[in-house]
There are 2 protein chains.
Amino acid sequence: MSPARRTESLSREVVVTAAIELLDEHGERGFTFKLLTERLRTGAGAVYWHVANKEELVRLCADRVLGDALAAAGPEQDLRSLALSVYDALDRHSWAARHVIVLPSLPHALHLLDRIGTLLTGTPLPAERRFLVATAIFNYVVSVTAQDVVRVATVDTAAGRDALLAAYAKSWESLDPQTFPFLTGAATDLREHDDRDQFVTGLDLLLDGLRHQSGGGQPGEG
Amino acid sequence: MSPARRTESLSREVVVTAAIELLDEHGERGFTFKLLTERLRTGAGAVYWHVANKEELVRLCADRVLGDALAAAGPEQDLRSLALSVYDALDRHSWAARHVIVLPSLPHALHLLDRIGTLLTGTPLPAERRFLVATAIFNYVVSVTAQDVVRVATVDTAAGRDALLAAYAKSWESLDPQTFPFLTGAATDLREHDDRDQFVTGLDLLLDGLRHQSGGGQPGEG
DNA sequence: ACCTGAACACCGTTCAAGT
DNA sequence: ACCTGAACACCGTTCAAGT
């Protein structure tokens, strides 16, 4: 009944590769050691020989995803294309984004932050503001990706997504226009929206703000 | 030994209030029904009479937190102070931010998005871009809050935070300057950084970008 | 209508035993 | 050094029985 045990030896890399597949298929919540050991045709103890626990494993997976994205992006990019490369990679593995944090460090998250900071060096932005702006951009990229308006994980097919959006758009239309003056008129926008466009819109606002104020002082407090 | 059962009757509101306390104390991961029923001095079934399951309960908690923030903020705010009110409220309950999403709707998330959209109406921004920009700002506020550089949940005391940052700053200093030209020079910035400043920096970039391009067309693709 | 609390299914982790 | 797999502790959820 049960499939034969694996004969090749396990490694951290093999475990991570299998885990990424399962995370993509089932999401972080549906990803269990039972699924993992079945896929790897081995026992739980074998996995624990290579990784400390589930949390570390998921972090390793997220780091692999981010590392691949940075490698694929190449070193010669500007801020905007770097951000889009990362967005696209994280969008394909939506469970990964929330693990991309600087502290405690996901190794490739440090690389990403460094590249953002380095790209700012070729900019009129005053040196003392560089760290603040670099982390602001880093935060924008990974955290907005982590939390798109329609989570891809929820619906698999494009048709399912369209149907879901149509249903939500309809519910927006029937909201009370007194309390929701904006949303009642935005149902069509919701139905036709694209998550990547929203990401790009915010990113361009951020970069525009950067261009326009990088010479000047702090923005006003009011 | 075990404390007396409660005599007052339970309600959804009472359950949510107790759950928020425990979420603040233990984080989402440490929050269990065992802790909850002990705190409420009742049985598991009693809780399930008032809420469908744990996921719904945490969503109700997050919605309460956001609702209180919006109520406290008052209706007369500009975009910047609204964003800061929400940031400050979510910062006090760091588990809540990742549940503040538009679809599937957290009720008060709809209110927040509507208020952002409505505030944009009094702006030269072309009407057809309003939804895109509103969601971009919404995404920035809630998702950056969800993922600050130093998660507050990790360290309780200010002294603990300082010590942790100092340790990380030291590790940045000893990185290879070839591969991390920016971070090796940013150790001091890390040690002295403030999460709220980073949030405000990104927010002001976003709002500056909005001011400067709201009349004009799309930003360039390159 | 609302609550009790034992029972169930599931899941991450451990560990003595194997090779 | 690397793997096995039964056992353990824990946790969300259910449900027959109570008031």
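Every chain is numbered from 1 and lettered A, B, ... according to where its sequence line falls, protein lines coming before strand lines.
Taking atom CZ of residue B:Arg29 and atom P of nucleotide D:dG12, one finds them 12 Å apart after rounding to whole Å. Atom CG in B:Leu22 sits roughly 15 Å away from atom C1' in D:dC11 (whole-Å rounding). We find that CG of A:Leu57 is positioned 15 Å from C1' of C:dC11, with the value rounded to whole Å. To the nearest angstrom, C1' of C:dC10 lies 16 Å from CG of B:Asn53. As rounded to whole Å, 15 Å separates atom P of D:dT14 from atom NZ of B:Lys54. Distance, B:His26 NE2 to D:dC11 C1': 15 Å, rounded to whole Å. Per the geometry, OH belonging to A:Tyr48 stands 3 Å off P belonging to C:dT13, to the nearest Å. Whole-Å rounding puts the A:Glu55 CD to C:dG12 P distance at 13 Å.
No hydrogens or angles considered: nothing links the side chains of A:Glu173 and A:Thr184 as a donor-acceptor pair under 3.5 Å. Side-chain polar atoms of A:Ser143 and A:Arg98 form no donor-acceptor pair below 3.5 angstrom. No hydrogens or angles considered: nothing links the side chains of B:Thr201 and B:Asp197 as a donor-acceptor pair under 3.5 Å.
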What nitrogen or oxygen pairs link the protein and nucleotides 1-7 of chain C at under 3.5 Å?
residue	atom	partner	partner atom	Å
C:dC2	OP2	B:Trp49	NE1	3.4
C:dC3	OP1	B:Leu10	N	2.8
C:dC3	OP2	B:His50	NE2	2.6
C:dT4	OP2	B:Thr42	OG1	2.1
C:dT4	OP2	B:Gly43	N	3.2
C:dG5	OP2	B:Arg5	NE	3.0
C:dG5	OP2	B:Arg5	NH2	2.9
C:dG5	O6	B:Gly45	N	3.0

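Phosphate contact (OP1/OP2 of C:dC11, side-chain N/O of A:Lys34, threshold under 4.0 Å): absent.
Annotation: side chain of B:Arg59 is not in contact with side chain of B:Arg64 (no heavy-atom distance under 4.5 Å). Side-chain atoms of B:Glu25 and B:Arg39, non-hydrogen and from C-beta on, do get closer than 4.5 Å to each other.
Helical stems involving DNA chain D, defined as 3 or more consecutive Watson-Crick or G-U pairs under 3.5 Å, span C:4-8 with D:12-16, C:12-16 with D:4-8.
Applying the ring pair (Phe, Tyr, Trp, His ring centres under 6.0 Å) test to residues at least two apart or on different chains, the pairs with a partner in residues 28-77 of chain B are B:Phe33-B:Tyr48.
Proximity of a side-chain donor or acceptor of B:Ser174 to a complementary backbone N or O of B:Ser171 within less than 3.5 Å is detected.
Scanning both residues, B:Asn139 and A:Gln198, for their nearest heavy atoms gives ND2-NE2, 3.9 Å.
Using a 4.0 Å cut-off between charged side-chain N and carboxylate O, A:Arg92 and A:Asp24 make no salt bridge.
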